[in-house]
Undergrad: 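Take this structure, written in structure tokens, and hold onto it; I'll ask about it next.
Each chain gets a letter, A, B and so on, in the order the sequences are listed, and its residues count up from 1. Just the heavy atoms: all of them, side chains too, but no hydrogens, waters or symmetry mates, feed the values below.
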Amino acid sequence: MGTPLETREAQVEEVLERLYEEYPDSTISLNYSNRLELLIAVILSAQCTDERVNAVCAELFETYGTPEEYANAPQEELAEAINSITYYNNKATYIRSACADIAEKHDGEVPDTMSDLTDLAGVGRKTANVVLQHGHDVVEGIVVDTHVQRLTRRLGITEAERPEAIEEDLLGIVPEDDWQQFTHLMIDHGRAVCTARNPDCGECVLADVCPSAKPDAAVDLASGEEW
DNA sequence: CTCCCGATAT
DNA sequence: ATATCAGGAG
């Protein structure tokens, strides 16, 4: 049913323990083999499934390699190469611009600071945190994507709405050693069980500590409840 | 706030 | 037919 625990810290501790058990190998699901590929894959992943990003990147990474090659690619050509991805025109523009900056201002290397990363086109705080964590082993924040936003709000861990405000809340609640893994667990659980449209509360290992859990597994799809 | 914007699930 | 997918820019 969902009686929240005494404190949010205690609830998060319980959530982490159960999800580590459920998803012991939870990690990033984008395919890449260097920092530039990571950056590009994450830019492409905005509002798009990782599965489709991986499908496009398999060919993309064979065609282009260096920052200069992306920067000098014709807009039309790069857009065409990624046209099965959401917002492909914007993303082609972002990638060319970001890669031009990497080549000219960063000696061809993907930056390793939050401010240098977010100065790149198409790179906001979420993308920068992913590149810092997985490209540079720098964990100075918590990645808040659509899954983390949805699950933390359903669980009552935060009432904040903006991703930056949610991250600020989480930084004060989630143990620092778990900052990176917390996101992967939320994403895996969000994809498999706590889905955006029809969360499978009947099969959720967090149902008893979740204030949003539906009473029983026989879900009434007709109820116009807000999630 | 709006715009971007294809593939997939429901 | 519509909501959603590892968001970000103007």
Undergrad: Think Y88(A) has a side-chain N or O under 4.0 angstrom from the OP1 or OP2 of dC4(B)?
TA: no
Undergrad: Hey, are H189(A) and Y23(A) close enough side-chain-wise for a donor-acceptor pair under 3.5 Å?
TA: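 Present: a donor and an acceptor within the cut-off.
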Undergrad: Okay, side chain of K91(A), backbone of T86(A): is any donor-acceptor separation there less than 3.5 Å?
TA: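 Yes, because the side chain of K91(A) sits within donor-acceptor range (under 3.5 Å) of the backbone of T86(A).
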Undergrad: Check the side chains of Y64(A) and E77(A) for a donor-acceptor pair under 3.5 angstrom, ignoring hydrogens and angles.
TA: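 E77(A) vs Y64(A): donor-acceptor pair found between side chains.
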Undergrad: Taking atom C1' in both dC5(B) and dT2(C), compute the distance separating them and give it to the nearest angstrom.
TA: 15 Å
Undergrad: Checking side-chain contact (heavy atoms from CB on, under 4.5 Å) against T127(A), which of N129(A), V130(A), V123(A) comes through?
TA: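 Of all the options given, the one that passes is V123(A).
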Undergrad: Could you state the atom-to-atom distance from CD1 of I82(A) to P of dG6(B) in whole Å?
TA: 12 Å
Undergrad: Considering only atom P, compute the distance from dA6(C) to dT10(B) and round it to an integer number of Å.
TA: 14 Å
Undergrad: Quantified in whole Å, what is the C1' atom distance between nucleotide dC4(B) and nucleotide dT4(C)?
TA: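 dC4(B) and dT4(C) have their C1' atoms separated by 15 Å.
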Undergrad: Between dA7(B) and dG8(C), how far apart are the two P atoms, rounded to whole Å?
TA: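 Going atom to atom, P in each nucleotide, I get 23 Å.
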Undergrad: If you count heavy atoms of other groups shown closer than 6.0 angstrom to CD of E164(A), is the number above 12?
TA: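 Yes.
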Undergrad: State whether D145(A) and R150(A) are salt-bridged, where the test is any N-O pair (Lys NZ or Arg NE/NH1/NH2 against Asp/Glu carboxylate O) under 4.0 Å.
TA: no
Undergrad: Produce a footprint string for nucleotides 3-10 of chain C: one letter per nucleotide, 5' end first; B if the base is under 4.0 Å from any protein heavy atom, S if only the sugar-phosphate is, - if neither.
TA: BSBBBSS-
